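Note sheet for the following structure.
Side chains are part of it too, since the values below use all heavy atoms of this structure and drop only hydrogens, waters and symmetry mates. Keep in mind that what you see is a predicted model, and the values were worked out from it rather than measured.
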Amino acid sequence: ADGMRANFIKTIVQNDISSGKHTAIKTRFPPEPNGFLHLGHAKSICLNFGLAKEFGGTTNLRFDDTNPEKEDERYVQSIMTDVHWLAGDQHLDPLQGKEPWDGLFYASDYFEQMYACAEELVQAGKAFVCELTPEQMGEYRGTLTTPGRSSPSRDRPPSESLELLRRMRAGEIPEATMTLRAKIDMTSSNMCMRDPALYRVRHIPHQRTGDAWCIYPMYDFAHCLSDALEGITHSLCTLEFAEHRALYDWILDHTSVGARCHPRQIEFSRLNIQYTVLSKRKLITLVESGVVDGWDDPRMPTISGMRRRGYTPSALRLFAERVGVSKTESNIDMSVLEDSVRADLEDVAPRAFAVLEPIKLVITNWPEGEVEWFEVLVHPKRPEMGVRRVPFSGEVYIDSSDFMQEPPNKKYFRLAPDRPVRLKFAYVVHCDDVVTDACGQIVELLCTYNPETRAGNTPDGMKKVKGIIQWVSCAHGVPITVRKYDRLFSTPWPGKERPDGDFLKDLNPDSLEVAQGFAEPSLFDTASAQHNDTPKLPYQFERVGYFFEDASSTLENVVFNRVVTLRDTWAQ
Ligand code: ATP
Ligand code: MG
Ligand code: MG
């Protein structure tokens, strides 16, 4: 492994190891199972798993499942699948059944221990049961510029709070009438420290603990205790939690769990990417409103969507590496993501010919009925990837963008009347005539081929033929449906410029374009996901882009997703 690029968190870890503070580090990735993972999570996964790998430490996957309302077992499954896939050594060779995480935990496994800490705090006079309603609590909290006011329950004796807490747990207390709150400082300039709630009453079953609990810990309470119970050394989170760090430390400073282990919380900036949204809430809206075809729609910035589209785990890891880790806002251009997948696929993607906007080219001097098979490399720089056999015949499709009846200037190197072009690996052809229909639409191009130009031969007089284009034999080409994906949104920061913030109004209406084309038959010797179960790499359709067979593809209806174009079409 090349190791992670230098960043401030890596430096902290290095120092903690060289100073002897820690002999081994332990990190965790703590998703809430309330949605599918997105690219922001990928950054966090790469950071947590990457640090552990680099320093010989370990990483836990922990489901932060303390809010049963929004959580679902289906999300748990998808998260495991995604983390597993992202950590895979390469697209073709996932971890062979081994899990990438060292421990798999659920915060709900610690409910009993967390509750014990709550009782400890109450007994020590550090927490109390408060009877303000949520609205009142809001009022009492004060603002950034005005101090808060103490709850009337704040000074009730610990024994009374303890009894109420036990009644809360026993199910005797209705929702929104009582909370357990820490007793810290209602005048603190840090709002998180103004007697924050630690437990609330929710009479709803939990996906794992069932009816065992009707009080649930707040995120701030559950998170630090879970970290400590697992012996986490470095608890990495995004910058919004910087203010919460004081509370993280306070809870650990006042509980026995925290006395045994006190992880260090370190914040880094969250990932934002232009022309998409990275927030589960917004992604859920996209799924539920039906504007995308589910969580794994290839336009979604979810790990499952990227996977379906044809992104490789190594491309996403490269992206995370390029994005880096810092404390400054990271607003990343979509091109960084697209360049990462191009860089990753260039050396590994098998090549193939496909024509996505076909026009027919008829070779008038080709021997009737003859078929010639060209053996060409699967990858031009990697002979070990083998050869493919490409059939050539008297009728081939070329892409309509490779022909112009009246080319604009001398720099036009594609096919035009009197401007010959090389059909890659095969022959140079000369366009003699253009057959059009009644509307002036091109029906076919009548061409002659030069037998002496076979397979790259350049006899005298042919040296000036610069254009080389791809083609597919009409008789052999396999019809394919191609989904050309573009950015999901038409503005860099969806909803941001709108008074109502409605990001759905910034959807790109042209984010999906469907085309019908033809691909060389060699694809289907080995390619179709339907043929066998091993995951495949995307193809580079020469001169077009990278394409990956969609999960829905069948032999009768072959569907390819465009992963990315060959070049950045947005840059000028
Ligand atoms: P969202 O805001 O999309 O709901 P979240 O932070 O609530 O995300 P969690 O499941 O709680 O989602 O996050 C799990 C981990 O992933 C956390 O450690 C969180 O900091 C990290 N994470 C989430 N979004 C990003 C992001 N955009 N950039 C970097 N890390 C992120
Ligand atoms: Mg969250
Ligand atoms: Mg969130």
Hey, is R28 close enough to E230 for a salt bridge, meaning N to O under 4.0 Å?
no
Side chains of N48 and T59, donor plus acceptor under 3.5 Å
no
Is R307 paired with D82 through a side-chain N to carboxylate O contact shorter than 4.0 Å?
yes
Is a donor from one side chain sitting under 3.5 angstrom from an acceptor on the other, for S490 and D506?
no
Should the pair D297-R299 be classified as a salt bridge under the 4.0 Å nitrogen-to-oxygen rule?
yes
Quick one: are the ring centres of F221 and Y199 less than 6.0 Å apart?
yes
Using a 6.0 Å cut-off, check whether atom CD of E497 has over 12 heavy atoms from anything other than its own residue.
no
For the residue pair Y115 and W213, does the interplanar ring angle fall in the parallel (under 30°), tilted (30 to 60°) or perpendicular (over 60°) class?
tilted
Mind checking whether Y248 and H262 have parallel, tilted or perpendicular rings, split at 30° and 60°?
tilted
Begin with the C-alpha distance, continue with both residues' side-chain angles, and end with the deciding distance and a verdict on side-chain hydrogen bond (donor to acceptor under 3.5 Å, both in side chains) for Y75 and E32.
CA-CA 9 Å; Y75 297 132; E32 184 178 355; over 6 Å; no
In terms of side-chain heavy atoms, does Y219 have a donor or acceptor partner in D64 at a distance below 3.5 Å?
no
Assess, by modelled atom type and distance only, whether the side chains of D16 and H234 contain a donor and an acceptor separated by less than 3.5 Å.
yes
4.5 Å side-chain heavy-atom contact, R308 and N561
yes
Student check: side-chain heavy atoms of N190 and M193 closer than 4.5 Å
yes
Could you check whether R208 pairs with E71 (Lys NZ or Arg NE/NH1/NH2 to Asp/Glu carboxylate O, under 4.0 Å)?
no
Hey, do the aromatic rings of Y106 and F63 have their centres closer than 6.0 Å?
yes
Taking atom types as modelled, is there a side-chain donor on Q123 or E119 under 3.5 Å from an acceptor on the other?
no
Check the surroundings of atom NZ in K70: do more than 12 heavy atoms from other residues, nucleotides or ligands lie under 6.0 Å from it?
no
